[in-house]
Amino acid sequence: VSAGSADPADRSPLLAAGLFLGMGLGGFIDGIALHQVLQWHHMLSSRVPPVNLVTAKYNMIWDGLFHAGTWTLVVIGVVLLFRAGRRRATMWSGRVLLGATLAGSGLFDVVEGLIDHELLGVHHVRPGPDQLVWDLGFLIFGAVLMVIGAGLAGGGDEAARRDSTAPR
Amino acid sequence: MFLEVDLLFNLVVTVLPFAVCIAATLIILQLAARRRTP
């Protein structure tokens, strides 16, 4: 990831950190809320439907590997955030970080939805007769997060500078 | 039953969204840096 120049208005370090944190945390929200609490959206549920304990355990293994991936993204995000905090040139704006995090979370939903739900069909958000509606809702939710996040993170320099703290 | 399931395919479909997301993020950062450059 490019560190950017010594421009005091450099928001790219926070953008990078926020995007990775958002993708990882968005994946965790997906995993905790949809996979575990609601028992929907299991990783391979179209190939091995979790209809009994054996098949549910099989899906749990792949849900676990999915969580390992989201954990890795969060670790990368934390490292990038730490590096951003050490750079004097970073625009230290909560608005930019929040926007990038929301955009990253939405990006993850859109990419995961397009690849796993629509392209490969390995699982759906909520398998059943209405699965297309749930899948489309998931994509729309991700797209809305991306738009809101991009608006916050990429908004006018003046707004971001106002929100930015003084150089450390 | 487990032997019937293609392990490699499962790995690919699990990893693929992460790889695409990271690639998309790197592209977004490049575009943002280019927009910032006068």
Side-chain angles (χ1 to χ4, degrees), chain A residues 1-5 7 9-13 15-16 18-20 22-24 26-27 43-44 46-48 54-55 57-59 61-70 72-73 76-77 80 100 103-104 107-117 119-123 146 150 153-154 157, chain B:
Chain A
V1 175
S2 169
S5 66
D7 180 355
D10 188 2
R11 70 179 80 190
S12 60
L15 278 180
L19 284 169
F20 273 92
M23 291 189 294
M43 200 63 213
L44 298 171
S46 293
R47 287 167 66 80
V48 184
V54 174
T55 50
K57 284 177 72 175
Y58 184 82
N59 274 278
I61 293 171
W62 293 94
D63 287 346
L65 289 172
F66 170 80
H67 282 130
T70 61
T72 305
L73 292 177
I76 293 171
L80 290 173
L107 174 69
F108 188 84
D109 286 351
V110 169
V111 169
E112 199 269 331
L114 287 176
I115 292 177
D116 286 343
H117 307 164
L119 190 65
L120 300 172
V122 290
H123 66 249
M146 282 178 69
D157 282 352
Chain B
M1 179 202 64
F2 291 166
L3 293 177
E4 296 170 6
V5 180
D6 185 353
L7 179 69
L8 185 62
F9 178 83
N10 293 351
L11 270 175
V12 169
V13 300
T14 303
V15 170
L16 190 59
F18 291 96
V20 172
C21 277
I22 291 172
T25 298
L26 295 177
I27 291 169
I28 289 168
L29 292 172
Q30 287 293 326
L31 291 175
R34 198 172 295 175
R35 201 185 82 169
R36 209 166 46 82
T37 307

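Basis for what follows: all heavy atoms, side chains included, without hydrogens, waters or symmetry-related copies. In what follows, every chain begins at residue 1, and chains take the letters A, B, ... in the order their sequences are listed.
Between Cys21(B) and Val111(A), the shortest heavy-atom contact is SG-CB, 3.7 Å.
The side-chain contact (heavy atoms from CB on, under 4.5 Å) test with Pro17(B) singles out one residue from Val110(A), Asp116(A), Asp109(A), Leu114(A), and that residue is Asp116(A).
Both the backbone and the side chain of Leu107(A) come within contact range of chain B, judged by heavy atoms closer than 4.5 Å. Interface remark: Leu11(B) contributes backbone and side-chain atoms alike to the contact with chain A (heavy atom separation under 4.5 Å). Contacts between Thr72(A) and chain B at a heavy-atom distance below 4.5 Å are absent for every atom of the residue. Interface remark: Leu15(A) contributes backbone and side-chain atoms alike to the contact with chain B (heavy atom separation under 4.5 Å). Neither the backbone nor the side chain of Ile76(A) has a heavy atom closer than 4.5 Å to any heavy atom of chain B.
Of the listed residues Glu112(A), His123(A), Met23(A), the one with more heavy-atom pairs under 4.5 angstrom with chain B than any other is Met23(A).
A 4.5 Å side-chain heavy-atom check between Phe20(A) and Ile22(B) finds at least one atom pair inside the cut-off.
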Side chain to side chain contact (heavy atoms under 4.5 Å, CB included) assessment of Asn10(B) paired with Arg47(A): CA-CA 10 Å; Asn10(B) 293 351; Arg47(A) 287 167 66 80; 3.3 Å; yes

Working for side chain to side chain contact (heavy atoms under 4.5 Å, CB included), residues Thr70(A) and Phe18(B): CA-CA 8 Å; Thr70(A) 61; Phe18(B) 291 96; 3.9 Å; yes

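Considering CG of Leu16(B) and CD1 of Ile115(A), their distance stands at 4.0 Å, rounded to 0.5 Å. Expressed to the nearest 0.5 Å, how far CZ of Phe9(B) lies from CG of Leu44(A) amounts to 8.0 Å.
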